[in-house]
J.: 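Can you keep this structure in mind? I'll have questions shortly.
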Amino acid sequence: MTLPNVAFICTHNSCRSQIAEALGQALASDAFTSYSAGTTIKSDINPDAVRLMRSLYGIDMPANGQHPKTLDQLPPIDVVVTMGCGVACPVLPAGSREDWGLEDPTGKDDAAFTATIREIERDIWDLRNRVLAQQV
């Protein structure tokens, strides 16, 4: 059985979408294949995201090959998840779309960052359960 491809999309593909890709790979690889991309990417993943994901989950995003990517670098996508940054993806066809409405923690303290990471974790578990139940 081929797993659906899920793309987490954010403007810069440097923080929330990268966190979602990493947590999707770690927590939901039995339900879907995780990707991330952005519309106007930055050169690197946010260092606070890298540090906190390593601290909280033992996930080293750069060592795992994660890096900012543009939409044209994605394979065909089944589910598009935008992070809440108002990104419209008219050139990214998908069977399903949703927006998680997450506030960008960039520039905030570790508590705000951790709260966003934990919210993404809850959303990943929810998406995993819905995909496994085929309710996406």
Side-chain angles (χ1 to χ4, degrees):
M1 178 178 146
T2 302
L3 297 177
N5 290 332
V6 175
F8 301 100
I9 308 298
C10 202
T11 304
H12 298 121
N13 190 221
S14 66
C15 190
R16 293 165 290 176
S17 55
Q18 290 285 348
I19 292 166
E21 178 182 0
L23 288 176
Q25 290 171 357
L27 305 175
S29 63
D30 61 331
F32 54 83
T33 304
S34 297
Y35 298 92
S36 70
T39 55
T40 309
I41 64 170
K42 291 200 174 181
S43 60
D44 295 304
I45 300 173
N46 181 302
D48 290 324
V50 171
R51 177 177 54 81
L52 288 168
M53 287 295 289
R54 189 177 296 127
S55 171
L56 295 169
Y57 299 94
I59 297 171
D60 187 333
M61 294 187 290
N64 290 343
Q66 282 188 241
H67 61 280
K69 299 164 289 300
T70 55
L71 299 176
D72 62 344
Q73 294 175 279
L74 294 172
I77 297 298
D78 301 296
V79 179
V80 169
V81 178
T82 51
M83 299 286 100
C85 40
V87 174
C89 303
V91 296
L92 191 59
S96 175
R97 293 177 184 276
E98 56 189 73
D99 184 84
W100 286 357
L102 300 166
E103 189 173 327
D104 186 358
T106 300
K108 297 184 179 171
D109 64 15
D110 283 2
F113 240 100
T114 299
T116 298
I117 290 170
R118 297 295 191 206
E119 189 171 349
I120 293 170
E121 178 184 1
R122 286 188 298 274
D123 289 340
I124 291 289
W125 284 118
D126 176 64
L127 180 60
R128 176 192 174 273
N129 292 336
R130 288 186 287 126
V131 167
L132 289 175
Q134 298 180 356
Q135 298 173 348
V136 175

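The basis for the numbers below is simple: all heavy atoms, side chains too, and nothing from hydrogens, waters or symmetry mates. Position 1 is the first residue of the sequence; numbering continues from there.
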J.: So among E21, H67, R54, M53, which one has a side chain to side chain contact (heavy atoms under 4.5 Å, CB included) with M61?
T.: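 So, applying the side chain to side chain contact (heavy atoms under 4.5 Å, CB included) to M61 and each of E21, H67, R54, M53, only M53 qualifies.
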J.: Holding to salt bridge (charged side-chain N to carboxylate O under 4.0 Å, His left out), I want the full list of residues that pass it with K42, two or more places apart in sequence or in another chain.
T.: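 In terms of salt bridge (charged side-chain N to carboxylate O under 4.0 Å, His left out), with neighbours along the sequence ignored, K42 is linked to no residue.
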J.: Please check if the side chain of Q73 supplies one atom and the backbone of T70 the other of a donor-acceptor pair under 3.5 Å.
T.: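 Checking the backbone N and O of T70 against the side chain of Q73, a donor-acceptor pair under 3.5 Å is found.
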J.: Of all the heavy-atom pairs spanning A26 and I59, show the shortest one and how long it is.
T.: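 Scanning both residues completely, I find the closest heavy atoms to be CB-CD1, 3.7 Å.
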J.: Do any N or O atoms from the side chain of N64 and from the backbone of Q66 form a donor-acceptor pair under 3.5 angstrom?
T.: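 Pair absent, no side-chain N/O of N64 close to backbone of Q66.
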J.: Of all heavy-atom pairs between F32 and G24, which one has the smallest distance, and what is that distance?
T.: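 Heavy atoms of F32 and G24 come nearest at CE1-CA, 4.2 Å.
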J.: State which residues pass salt bridge (charged side-chain N to carboxylate O under 4.0 Å, His left out) with D110; sequence neighbours excluded, sorted by chain then number.
T.: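 Counting only residues at least two positions away or on another chain, D110 forms a salt bridge (charged side-chain N to carboxylate O under 4.0 Å, His left out) with R51.
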J.: Under the side-chain contact (heavy atoms from CB on, under 4.5 Å) test, which residues partner L102, sequence neighbours left out?
T.: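 With sequence neighbours excluded, L102 shows a side-chain contact (heavy atoms from CB on, under 4.5 Å) to R16, M83, W100, E119, I120, D123, given in chain and number order.
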J.: Give me the atom names and distance for the closest heavy-atom approach of D60 to P62.
T.: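 Of all heavy-atom pairs spanning D60 and P62, the closest is OD1-CD, 3.2 Å.
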J.: Listed by chain and number, what are the salt bridge (charged side-chain N to carboxylate O under 4.0 Å, His left out) partners of R122, not counting sequence neighbours?
T.: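 Expected list: none.
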J.: Just by distance, do the side chain of D78 and the backbone of N5 share a donor-acceptor pair under 3.5 Å?
T.: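 Yes.
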J.: Of the non-hydrogen atoms in E98 and L127, which two are nearest, and what is the gap between them?
T.: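 Looking at all heavy atoms of both residues, the shortest contact is OE1-CD1, 4.2 Å.
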J.: Please find the pair of heavy atoms, one from V131 and one from P4, that lie closest to each other, and give the distance.
T.: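 The answer is CG1-CG, 3.8 Å.
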J.: Are any side-chain N or O atoms of Q18 and backbone N or O atoms of N13, one a donor and one an acceptor, separated by less than 3.5 Å?
T.: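 Pair found, side chain donor or acceptor close to backbone of N13.
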J.: Taking all non-hydrogen atoms of both residues, which atom of I117 and which atom of L23 are closest, and how far apart?
T.: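 For I117 versus L23, the nearest heavy atoms are O-CD1, 3.9 Å.
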J.: Once side-chain contact (heavy atoms from CB on, under 4.5 Å) is applied, do any residues pair with D126, and if so which ones, sequence neighbours excluded?
T.: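 D126: side-chain contact (heavy atoms from CB on, under 4.5 Å) contacts with R130.
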J.: Going by salt bridge (charged side-chain N to carboxylate O under 4.0 Å, His left out), name the residues that satisfy it together with D30, two or more places apart in sequence or in a different chain.
T.: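 R128.
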